[in-house]
Structure formats: C-alpha cells, structure tokens
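This report refers to the structure that appears directly beneath it.
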Amino acid sequence: MISIIIVNYNLTKEVDECLQSIINIHSSVEHEVIVVDNASPDNNFNSLTEKYSVAEFPHIHFYTADQNRGFGAGNNYGAKQATGDILFFLNPDTVLLEDIFPYFQSVFPGDLSIAAAGPMIVNHQQKQEKSVGWFHSASRELLDVFHFRERFERKQMSRLPMVSGKEYSQVDWVTGSALFMRSSVFWEVGGFDENFFLYNEEVDLCKRVAGLGYKTVYAPVGKVCHLGSIASKKSYYSFTMSSYESRLQYILKHFTPVNAFLIKSIVLIQIIVQIAFWSLTYLCNPQKAREKLRAFKQIIRKYLA
C-alpha cells in the first residue's frame, strides 16, 4: 500500500485541490492519505475535515501538530501514522495529472536497491520543472556563482532516460515535493533530519540513503503538476534566509572542516555577487531587493561564524 503524506501550512485551498486530484485519478492501487497541519494560523484546516468526512472518505486521515517545527518534522509525524510499505511525500501545492501509483508501486520490488524515486514535475503551463539534482560539491557551487549550475543540471536531467536506456535513471536526489520512498529504508536512516526547518531536507535524506548503499532514481513516466503556491506566499527575506541556512547546515553536516571551509567560501562569493546584482537593480523591484539585501547581511555573519 502507498501512504500519501501531505504537510499543510496555510494552504487549505491548495490541499483541497490536491486531495481532489488524488480522488479523481481513481487509482487501482490501495492507498491512504495522511494530511498533517503544521499549526497553521489561518484556522481554515477544519473545513477540510468536514468536507472529507471519515464516513465518505475513510482512507483520508487528518492530524494537527501542536506547533510548526518545519517541513521535515511534519513529514516525520505523518510517516509515523502511515501503514503503507511505500511512503509518498507530496507537497500541498501539487495536483496529480495521472495515476502514477501502479508504476511506482512496481519500481521498488523490481530492484531492492532502490530506496527513493521521483516522477516528472511540471508547472501549471505543463513545462517540465527541475526536480532532481546532484549533491553539493565545490565544483557545483562554483557553477552556481553565476547561476550556471541550474542550467547545467537541467540539461543533465533532460538526458537522463536516454543515458540509462531505462524508464528510470539513478540520481543523487529527487525533490521532496513528490518523493516516493520505501518505508523500511526511511526509518532505517532515521527519517527526515528535523534540524532542517525548510529546504535541503530531501537532499540530506537522499545523501544518507546513498550512504547505506541504496539508490535514488528519477522516473519521468508520470506527471505531477506543481502549482507553486508555496513560493508565491513566502517572503523574499524568509525564502533567502531559509535556503542559505539549510545549505550551511548541510555543508557542516556532510563535509570535513577543510572542505566545508572551501565550499562556504564559494557560497560567500555567490552572496557577494547577489548583493551586487540586487543593489544595481534596486529601483526595478525595491521591496524584493530590500528583503534580499537584509537577508544577505545576516547570512554572511552565519557563514563567517
């Protein structure tokens, strides 16, 4: 059975659309849906429990956390309620465009070395999004100084199925917005590291999975649409702080002190380039520039500490 885990924070409308898409595909695969509300302050979550009553939707379960401890912690909480042998971590601002469950249910028994897998992610215009990546390294951080890494990895991602000659290809990590994982391995590695509040938690998870000799694969055989509602509702300041803080946490966790110092230095160069860019373009978007520059000042202190 597949346990679909959705963590909500102020996205009740999007969760509703996500649940409807799961219901509408009429999957033949046995599944349950676990929705965890991460202490959302908007107080709209109860409307979902009323709409998807236990009597009419016995496979949909709702839980409320007492506080927002982050994306990873919310998913760990949901995973503890799950009964399926396959966990499917799904962002609340996504919708399923087709029944992808039969394929991913078959992937894991077909190769016991596979622990995690991800489908193709598209945006609301049906254009493919980058949904896989490679672990942080000095060379990849250098590419990111002038945003070449994103372009390089997108090109790599588009070639993956052709290179492997299979329906799926081994990658370092797949996005946590639509991540299938063998439940036994998830708990073997200890689940998500709850010290990552937001961002890089799936990269860290897949890194630990790889450390045990398991594989993460990308299988672009089914589509999940990412609406991007989370991105549209977060502040530029919070986004910038969280993304760089989580990257720093990953660097300190997975690299030796010497390598960590090297990569931190490269990231600081990235930040300096970003400060120059947002200073020069300040008048084009003053609010975004102001929030970005405020965040960068604090991030520099953290990376120099």
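Values in this document were obtained by computation on a predicted structure and should not be read as measured data.
In this structure, F71 has its ring center no closer than 6.0 Å to that of F196. Aromatic rings from F186 and F89 are positioned such that their centres are separated by under 6.0 Å. Checked against a 6.0 Å centroid threshold, the rings of F255 and F261 do not count as neighbours. Taking the six-membered ring wherever Trp is involved, the centroid distance between the rings of F88 and F104 does not fall below 6.0 Å.
For the atom pair CZ (F239) and CD (E291), the distance works out to 12.0 Å, reported to the nearest 0.5 Å.
Across all non-hydrogen atoms, the minimal contact from G133 to D172 is O-CB, 3.3 Å. Smallest separation of non-hydrogen atoms from N200 and H136: OD1-NE2, 3.1 Å.
Using a 4.5 Å cut-off between side-chain heavy atoms of Ile, Leu, Val, Met, Phe, Trp and Tyr, with links allowed through other members, I86 and I22 fall into the same hydrophobic cluster.
Using a distance-only test at 3.5 Å, with no hydrogens or angles considered, no donor-acceptor pair links the side chain of S3 to the main chain of A82. In terms of modelled atom types and a separation under 3.5 Å, the side chain of N8 and the main chain of L11 share a donor-acceptor contact. A distance-only check finds a donor-acceptor pair linking the side chain of N38 to the backbone of G70 [under 3.5 Å]. Listed for the S47 side chain is a donor-acceptor partner under 3.5 Å among the backbone atoms of N44. A donor-acceptor pair under 3.5 Å is formed between the side chain of R182 and the backbone N or O of F108. Of the possible donor and acceptor atoms, one in the side chain of K130 sits under 3.5 Å from a partner among the backbone N and O of V132.
At a threshold of 4.0 Å, the pair R149-E141 counts as salt-bridged, since one of the basic side-chain nitrogens sits closer than that to a carboxylate oxygen. Ion pair R208/D193 not flagged as a salt bridge, since none of the NZ, NE, NH1 or NH2 atoms sits closer than 4.0 Å to an Asp/Glu carboxylate oxygen.
Figure legend: R247 and Y250 shown without cation-pi pairing, the cationic atom not lying both under 6.0 angstrom from the six-membered ring centre and within 45 degrees of its axis. Geometrically, K207 engages F135 in a cation-pi contact defined by less than 6.0 Å to the ring centre and at most 45° from the axis.
Annotation: K302, atom NZ; neighbour count of heavy atoms from other residues, nucleotides and ligands within 6.0 Å does not exceed 12.
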As a quick check of understanding, evaluate side chain to side chain donor-acceptor pair (under 3.5 Å) for E245 and Y303, giving each step before the final call. CA-CA 9 Å; E245 283 177 333; Y303 273 75; over 6 Å; no
Walk me through it: do E201 and N195 pass the test side-chain contact (heavy atoms from CB on, under 4.5 Å)? CA-CA 9 Å; E201 57 279 295; N195 290 314; over 6 Å; no
List the steps, then state whether side-chain contact (heavy atoms from CB on, under 4.5 Å) holds for Q81 with H61. CA-CA 9 Å; Q81 322 306 321; H61 313 284; over 6 Å; no
Applying side chain to side chain donor-acceptor pair (under 3.5 Å), run through Q170 and T216 and close with a yes or a no. CA-CA 6 Å; Q170 185 173 353; T216 296; over 6 Å; no
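For the ring-ring contact (aromatic ring centres under 6.0 Å, His included) test with F45, the passing option among Y52, F62, Y9 is F62; the others fail.
Classified by interplanar angle (parallel below 30°, tilted 30° to 60°, perpendicular above 60°), the ring pair H31/H59 is perpendicular.
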